[in-house]
Amino acid sequence: MSRLAQRIAAAKAEGRAALIAYLPVGYPDVDASIAAMVAAVEAGADVIEIGVPYSDPGMDGPVIQEAVEVAVRAGVGLRDVFRAVEAVAAAGAVPVVMTYWNPIERYGVERFATDLAAAGGAGLITPDLIPDEAGAWIAAAERADLDRVFLVAPSSTDVRLRSTTAASRGFVYVASTMGVTGARASVSDAARVLVARTREARPDIALCVGLGVSNGAQAAELAAFADGVIVGSAYVRELLEGRGADGVRALTADLAAGVRRAGVPA
Amino acid sequence: MTTTSPPQPGDLSLPARPGWPDATGHFGVFGGRFVPEALIAALDELTEAYEAMRVDPVFLEEFARLQRDYTGRPSPLTEVPRFAEHAGGARILLKREDLNHTGSHKINNVLGQALLTKRIGKTRVIAETGAGQHGVATATAAALMGLSCTVYMGEEDTRRQALNVARMRLLGAEVIPVTTGSRTLKDAINEAFRDWVTNVETTNYVFGTVAGPHPFPAMVRDFQRVIGDEARVQVLEREGRLPDAVLACVGGGSNAIGIFTAFIADEGVRLLGLEAGGDGVDSGRHAATITGGTPGVLHGARSFLLQDENGQTIESHSISAGLDYPGVGPEHSYLHDIGRAEYRPITDAEAMEAFALLCRTEGIIPAIESAHALAGAMKLGRELGPDALLLVNLSGRGDKDVETASAWFGLGENGAPTDEDDRAVEAGRGADPGPGMDTDQQPTEGAVSNDRVVAGQDAGETA
């Protein structure tokens with residue numbers, strides 16, 4: 001049973017979208033990053049997307065790159081990630097890990113699935129692993145009862161929307177715009193179209209929108225048509241600019257209010 | 001192949017391709033597509049357009065015309081007997097890709113991909129570059145075909161290869177120094193992918209080597225295989241036999257795949273890829289991906305790579321910017337896996353020795369990349385003995401490397417000693433000829449009119 005799907009459905013039952021906060025493990029250090037995640041949970045995030053540091057984050061913009069580079073240089077690895085997973089689960093949110101593929105391949109796919117499940121993780125978001133290459137991961141996730149969140153993009157064809165959503169469990173990550181992570185002035189138009197197309201491809205799975213969302217007003221716009229709102233770079237910026245767990249708490253409060261103003265037309 | 005006339009350069013679709021990759025770009029367990037979903041549509045579009053183009057007579061004619069009239073193909077084969085005296089007396093034939101327009105084999109691939117860009121209606125190309133050769137080739141093709149061009153280059157490499165930065169800018173390209181990560185080729189590739197995922201509607205990514213996600217490894221191979229297709233016929237015509245071994249340097253591996261492909265089916269022909277051994281594989285400072293790496297995923301494909309226990313890419317080290325890459329094309333990993341090709345490391349010092357030797361014995365200044373293949377030939381020649389016939393891909397010329405070589409050998413401006421040379425002399429290294437400054441080569445050495453200029457391998461460290 002998918003814990004991500006359950007949590008997003010619970011938010012829906014409250015008449016709102018779920019709030020998903022991304023934070024990478026290891027910035028500014030492992031303990032402080034875990035404290036920031038717990039602060040986000042306490043301030044109202046439903047799901048924490050726990051980022052695995054990677055040396056070549058091809059889908060990330062400058063903000064996340066800067067933070068992750070620090071963690072990579074410090075030698076942060078999956079053992080630290082599992083600690084974060086345990087802390088987030090203990091704080092009461094659903095932990096899902098976001099990772100580029102190579103750290104998992106290096107660790108061993110089966111071993112990773114076992115250890116992630118043991119730590120209390122719900123599953124994986126894989127920005128550079130498409131279902132076509134994910135046979136080993138899907139089999140391991142099946143065995144360990146883990147969610148696998150794949151991405152769809154504005155450039156995805158209808159055929160790919162069908163195959164990608166069919167392979168997904170938990171939710172589908174709807175990339176709102178073409179490009180890398182980072183705050184944007186406007187995110188909703190392309191996202192609205194893509195959410196509608198994706199819903200047609202598979203009506204029975206939650207659709208969460210990410211890339212570019214940075215404040216409560218944008219979250220409210222997206223919450224009008226998406227099941228969840230994913231915020232990443234805005235969180236990392238709080239840490240990069242030294243506002244720490246307090247900054248994370250304040251941002252979460254703004255975003256959590258935003259996802260509760262659902263229904264406000266853009 | 002039984003023909004004895006040189007192949008027409010346009011016969012791209014005619015020679016048999018190896019039985020790999022499969023339809024989704026896998027070479028055994030290697031290759032594939034490990035990229036964001038956002039790029040899949042563009043990769044599919046490229047694959048489809050390329051498969052149509054490669055058998056289209058109009059394209060083949062245009063491609064052949066450009067290769068003949070613009071690049072200057074076919075490139076000649078040159079025997080180098082004075083150099084071969086240092087290779088156990090084996091006979092050595094060089095495939096002269098250094099004589100191509102823009103100075104290396106990179107133009108072969110770029111012309112094909114630029115034509116493909118026009119065919120799919122895009123107006124802008126982006127490229128990554130390490131040594132700058134692929135960047136220069138891409139800027140050249142963009143100028144020729146009226147495309148706008150942006151080249152990503154690690155900031156570190158823009159310093160090492162300042163001449164090529166100037167060449168690209170002269171050709172009208174925008175050069176963006178990349179300041180993330182290790183500031184070298186791998187980070188330039190990351191930036192180029194970020195640009196592509198953002199601008200994919202107008203922009204085509206002209207990838208420079210046989211790595212990256214499908215279709216790049218297979219497509220770049222097809223554009224580069226002209227090297228081996230020509231060379232195989234040239235060797236047969238000249239010698240009436242196939243070579244005993246074909247050698248090429250391997251960074252990403254496009255020049256090696258280019259010359260290997262025609263010989264894959266010739267089981268008696270050894271295929272030898274020479275990787276950049278840097279300070280030695282045991283030192284940890286190298287770029288010998290297959291020799292010293294492990295399988296993993298980098299830049300869109302599964303292949304060998306240099307990585308730590310967390311799966312983080314390890315920075316590579318090589319005197320040659322063009323080989324200074326922690327990954328390698330997936331077909332090389334596969335050829336290694338099935339035992340069809342061998343891969344060996346060549347240290348910086350061994351490469352520079354071969355570099356100097358070719359300059360002084362044959363009057364050819366090779367690219368430092370290609371000097372790794374020459375060093376491999378010196379070793380293999382000694383192993384195989386005087387009857388051996390070796391075919392070496394001289395993938396590029398060394399004009400871009402003059403500064404690096406000067407620093408290595410301690411050749412100051414106009415041959416005068418520099419401060420650095422003085423330091424080297426004080427450190428007690430100046431008295432002996434360093435690697436490559438062969439004392440047997442007195443007649444040509446006279447050009448360097450002092451006897452204290454050779455700093456040896458440490459000179460490169462402080463350059």
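Sequence lines set the chain letters: A, B, ... in the order given, protein chains first and strands last, and positions in each chain run from 1.
Atom CD1 of residue Ile130(A) and atom CD of residue Glu37(B) lie 6.5 Å apart, to the nearest 0.5 angstrom. Rounded to the nearest 0.5 Å, atoms NE2 (His299(B)) and CG (Asp128(A)) are 11.0 Å apart.
Contact count versus chain A (heavy atoms, under 4.5 Å) is highest, among Pro295(B), Gly296(B), Ala192(B), Pro36(B), for Pro36(B). For chain A, the option among Gly32(B), Ala41(B), Ala38(B) with the highest count of heavy-atom pairs below 4.5 Å is Ala38(B). For chain A, the option among Glu201(B), Lys186(B), Glu191(B) with the highest count of heavy-atom pairs below 4.5 Å is Lys186(B). Comparing Thr126(A), Val72(A), Leu129(A) by how many heavy-atom pairs each has under 4.5 Å with chain B, the most go to Val72(A).
Residues of residues 55-67 of chain A lying under 4.5 angstrom from chain B, judged on non-hydrogen atoms, are Ser55(A), Asp56(A), Pro57(A), Gly58(A), Met59(A), Asp60(A), Gln65(A) by number. Chain B is approached within less than 4.5 Å, heavy atom to heavy atom, by Trp101(A), Asn102(A), Pro103(A), Glu105(A), Arg106(A) from residues 98-108 of chain A, ordered by number. Residues of residues 301-314 of chain B lying under 4.5 angstrom from chain A, judged on non-hydrogen atoms, are Arg302(B), Leu305(B), Gln307(B), Asp308(B), Glu309(B), Asn310(B), Gly311(B), Gln312(B), Thr313(B) in numerical order.
Dense packing is recorded around CD of Glu110(A), with more than 12 heavy atoms of other residues, nucleotides or ligands lying under 6.0 Å away. The neighbour count for Asp204(A) CG, taken as heavy atoms of other residues, nucleotides or ligands under 6.0 Å away, is above 12. Counting heavy atoms of neighbouring residues, nucleotides and ligands inside a 6.0 Å radius, atom CZ of Arg183(B) exceeds 12 of them. Other residues, nucleotides and ligands contribute only 12 or fewer heavy atoms inside 6.0 Å of the CD atom of Glu200(A).
Interface remark: Arg79(A) contributes no atoms to any contact with chain B (heavy atom separation under 4.5 Å). Contact annotation for Thr164(A): only side-chain heavy atoms (C-beta onward) come within less than 4.5 Å of a heavy atom of chain B. Within the 4.5 angstrom heavy-atom criterion, only backbone atoms of Val76(A) (N, CA, C, O) approach chain B.
Looking only at side-chain heavy atoms (C-beta outward), Asp132(A) and Thr24(B) stay at 4.5 Å or farther from each other.
Glu315(B) pairs by the salt bridge (Lys or Arg N to Asp or Glu O under 4.0 Å) definition with nothing, not counting sequence neighbours.
The main-chain N or O of Arg33(B) is found under 3.5 Å from a side-chain atom of Glu133(A) such that the two form a donor-acceptor pair.
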